[in-house]
Structure formats: C-alpha cells, structure tokens
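Just so it is clear, the structure is predicted and the values come from calculations on it, not from any experiment. In what follows, chains are A, B, ... by sequence order, proteins preceding strands, each numbered from 1.
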There are 2 protein chains.
Amino acid sequence: MKNFDTVSLSFDTNNHDHGRCIHTAMKVADKLCLSRSVRLTPARRRVLELIWESHHPVGAYDVLSRLSQESGKTAPPTVYRALEFLMEQGLIHRIESLNAYVGCAHPAEEHAGLFLICTDCGCAAEVHDEAIDQAIVTKAATLGFRPEQRTLEVRGTCPDCRPNT
Amino acid sequence: MKNFDTVSLSFDTNNHDHGRCIHTAMKVADKLCLSRSVRLTPARRRVLELIWESHHPVGAYDVLSRLSQESGKTAPPTVYRALEFLMEQGLIHRIESLNAYVGCAHPAEEHAGLFLICTDCGCAAEVHDEAIDQAIVTKAATLGFRPEQRTLEVRGTCPDCRPNT
DNA sequence: CTGTAAATGTTATAACATAACAATGGCGAG
DNA sequence: CTCGCCATTGTTATGTTATAACATTTACAG
Ligand SMILES: [Zn+2]
Ligand SMILES: [Zn+2]
Ligand SMILES: [Zn+2]
Ligand SMILES: [Zn+2]
C-alpha cells in the first residue's frame, strides 16, 4: 500500500489506502468548520463524503441520485447548496471542463490549484507549482490585469494509464 | 484609435478599430479554410461573425437568438454544429468557466491560450506566454503526466476597469 | 421559551447541450 | 450530364446542468 502523501501518487487512485484519504478529509473538514464557526451539517457532510468516494470528479446529479437512494426524493437545490457551501469553505473544487466537483486535499490553505485530469481513467490530481503561479502572476501584471481567481485544468494521460514507454 | 496588435490593448474593447478585428478575422478564416479544403459555409461564417462582434465571450444561445432574428426559427444543433466546426479549425475558443465562446486571434498557429477575463466589463483577452507553457509542461513531466489539452482562465479586473491605482 | 436567522424542502423553470433521423446539396466517377 | 455518395443542414425530441422563488423547519442566543 503506497503512501498517498507522495504527490505523484495522486494518480494512483486504485492502489492506495483511500479510506485514509476520506478519513483525513472529513476530519480536516470538521476541524476547519469548527474553527470558522460554520456548520458542516449532516447534509453537507454527506455530500462531501460522496465527493470523496474517489479521486474522480463527480457531477452534481451523480451526488443527487446517491442522496435520493439513501434518503428518498431529493431535489437539485439540496445538492447545489451543499456544493456551494463546500466551495466557499474551500473543501471542494469545481472542475469547469467537466462540470464536476472533486475534494480538495489542502482546504486549510489558500491556494490556486492545477488539475491534471486523465482522459483515460478519469482521475483528477490536484497539484501545486510555484513556478506556474509565478509565471501567471507575472504575465498578468505585465498586462495590467489584476488576477483574482483562476482555472487551470490539463487533460492528458496519467502515469497509470501509460505503463509502457 | 489604438492599434489592436498591441497585446495589452486586447482589453480595450471599446476604444479600438474593432471593424478591423472582424475584417481580419474573417479574411484569415476564409484563407485558412480554403487552404485546408474545409468549407466555411454561410451558416458557419455567420456564426463566426457573430462571435467576433465583440471581445466578450458569447453563449451558444445568444448566437442562436441572433440567428433566429435574422433567418427565422433556428434550432440549437445548427449553432452547436457551427461551433464544433469552428473549434475544430481553431477559429474560436471555448471559455469553460463561462460556457461561452470567443474568437481566436491566431487560428493559424497551434497554440494553448491563456484567457484573462474581466469580471467587471466581461471582456476576455487571449494571451500567450512561453514561461507559463514551459512551467506547466515541466510540472506535468515531473509527475509522469502526458498533457494533451488545457484550460487556463484567469478571472480578475482588466486595466480599463481599474483606471486608478 | 421565544424571536430570529440559517438551513432545508418544494415546485417550477432557466440555461446549456446532444441524440436521432430526415432532407438537401455539392461534387466527383462514370 | 447524371447518378450516387457523403457532407451539411433541418427538425423534433430529449438529456444534462443549474437556479429562482417561496414555504417550512431547525438551531440557538438571549
Ligand atoms: Zn485516495
Ligand atoms: Zn485544493
Ligand atoms: Zn476588436
Ligand atoms: Zn487562440
């Protein structure tokens, strides 16, 4: 069982102790919400758990159908409100190019992520890189543009889906 | 009247000779399609013109309603097919975070753009930066990820919407 | 307790996108 | 020329993603 903390293993979605990912994510979320005096209600918590069930981005309506199975009829606003809350708290990220949501592994820190999305297996790894951040900030400054938020999603093939070469 | 070729004026959507932008874009599109032996049919050409009416990304249904006004009832597939064609030919880009489309100023060259999107005026400037490209490629390589396509959209305030400071 | 604000439930609809099949039209082989 | 093919366009229906608007319930401070 490999150690998920190693960034390059973010991709290795089937061969790590994902229970640990979930457990850690939920514990961090609890602590964070407590410290911020915001309420991680059962509904919100459950949505977060569902999103964390894998490292694959998950659509709002996937979450919705899971909730409906578990708890009887559920309407879209229930899910979207939870997603909105989780986004505000930085507990999840939205993948714009997939209209889907994925858990954030570093919700406590302010950060601009970069997502490497495998078009083969569908997994999405959030990574960070100072050189990229710097290059974007520098370019924006050159043009007199004040950046506030950004989306950076790279689609391609992850190491696990390209065992050879 | 300023010269649009200057990159930093990409933002200056109201104060440049935009007729020239349109004219150039359409001429380049014609030439490119001819050289590739693909057909820039009247419908496709008109959609491209509508997208080029400004430097603001425009939604598929905005295009649709314009077409309906001009040509009578038009259905969504008409627009989406044209958009698909224009994307394939690199004549437009899709802005994922807005579900909208914008003309490409450099359709002849293979390129990965970076969009600076002003949340105040709504304009979107496509810029390119070798340092950013390089940083992303390097990071991906480090992780064993083979990048194929990417989305990079930065939201913030453009120079025109922040005259002071 | 009770008033109030946050959270959730409910219904309806908006906004974005594609599937499936029919009809038309450009264009080269014969 | 004209036939046949394939790209293009038309048409209808539906799928997918997201929000508006208002009612009801719940947490919890005072
Ligand atoms: Zn995991
Ligand atoms: Zn994150
Ligand atoms: Zn212009
Ligand atoms: Zn471009």
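A salt bridge does not link A:Glu84 with A:Arg81: every distance from a Lys NZ or Arg NE/NH1/NH2 to an Asp or Glu carboxylate oxygen is 4.0 Å or more.
Here A:Tyr101 reaches the OP1 or OP2 of D:dA18: one of its side-chain N or O atoms lies under 4.0 Å away. Between D:dT9 and B:Thr41, a contact under 4.0 Å exists linking OP1 or OP2 to a side-chain N or O. Residue A:Thr78 places at least one side-chain N or O under 4.0 Å from the OP1 or OP2 atom of C:dG9. Between A:Arg94 and D:dA18, a side-chain N or O to OP1/OP2 separation shorter than 4.0 Å is present. At the phosphate of D:dT9, neither OP1 nor OP2 sits under 4.0 Å from any side-chain N or O atom of B:Lys73.
If you take CG of A:Leu86 and P of C:dT8, they are 11 Å apart, rounded to a whole angstrom. Summarising the geometry, the separation between CD on A:Glu84 and P on D:dA18 is reported as 13 Å, rounded to the nearest angstrom. If you take CD1 of A:Ile95 and C1' of D:dT17, they are 16 Å apart, rounded to a whole angstrom. Taking atom CG on A:Leu83 and atom P on C:dT8, their separation rounds to 13 Å, with Å as the unit. Across the protein-nucleic acid pair, A:Arg46 atom CZ and C:dT8 atom P stand 15 Å apart, rounded to whole Å. In this structure, CG of B:Leu64 is placed 13 Å from C1' of D:dG10, rounded to the nearest angstrom. Put simply, CE on A:Met87 is 10 Å from P on D:dA18, counting in whole angstrom units. We find that CZ of A:Arg39 is positioned 10 Å from C1' of C:dA5, with the value rounded to whole Å.
What you find for A:Arg39 and A:Phe85 is that their closest heavy atoms are O-CZ, 3.6 Å.
Atom CD of A:Glu70 is surrounded by more than 12 heavy atoms from other residues, nucleotides or ligands within 6.0 Å.
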Practice problem: Evaluate the criterion side chain to side chain contact (heavy atoms under 4.5 Å, CB included) for residue pair B:His16 and B:His55; output intermediate values, then yes/no. | Solution: CA-CA 11 Å; B:His16 70 277; B:His55 291 279; 3.2 Å; yes
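Along DNA chain D, the nucleotide nearest to B:Arg44 and the one nearest to A:Tyr80 differ in position, and the one closer to the 5' end is contacted by B:Arg44. Mapping A:Ala43 and B:Pro76 onto DNA chain C by nearest heavy atom places A:Ala43 at the nucleotide closer to the 5' end.
If you check distances only, the side chain of A:Tyr61 does reach the base of D:dA18 with a donor-acceptor pair under 3.5 Å. Side-chain atoms of A:Arg81 come within donor-acceptor range of the base of C:dG9, with a qualifying N/O pair under 3.5 Å.
Between the side chain of B:Asp30 and the backbone N or O of B:Lys27, no donor-acceptor pair lies under 3.5 Å.
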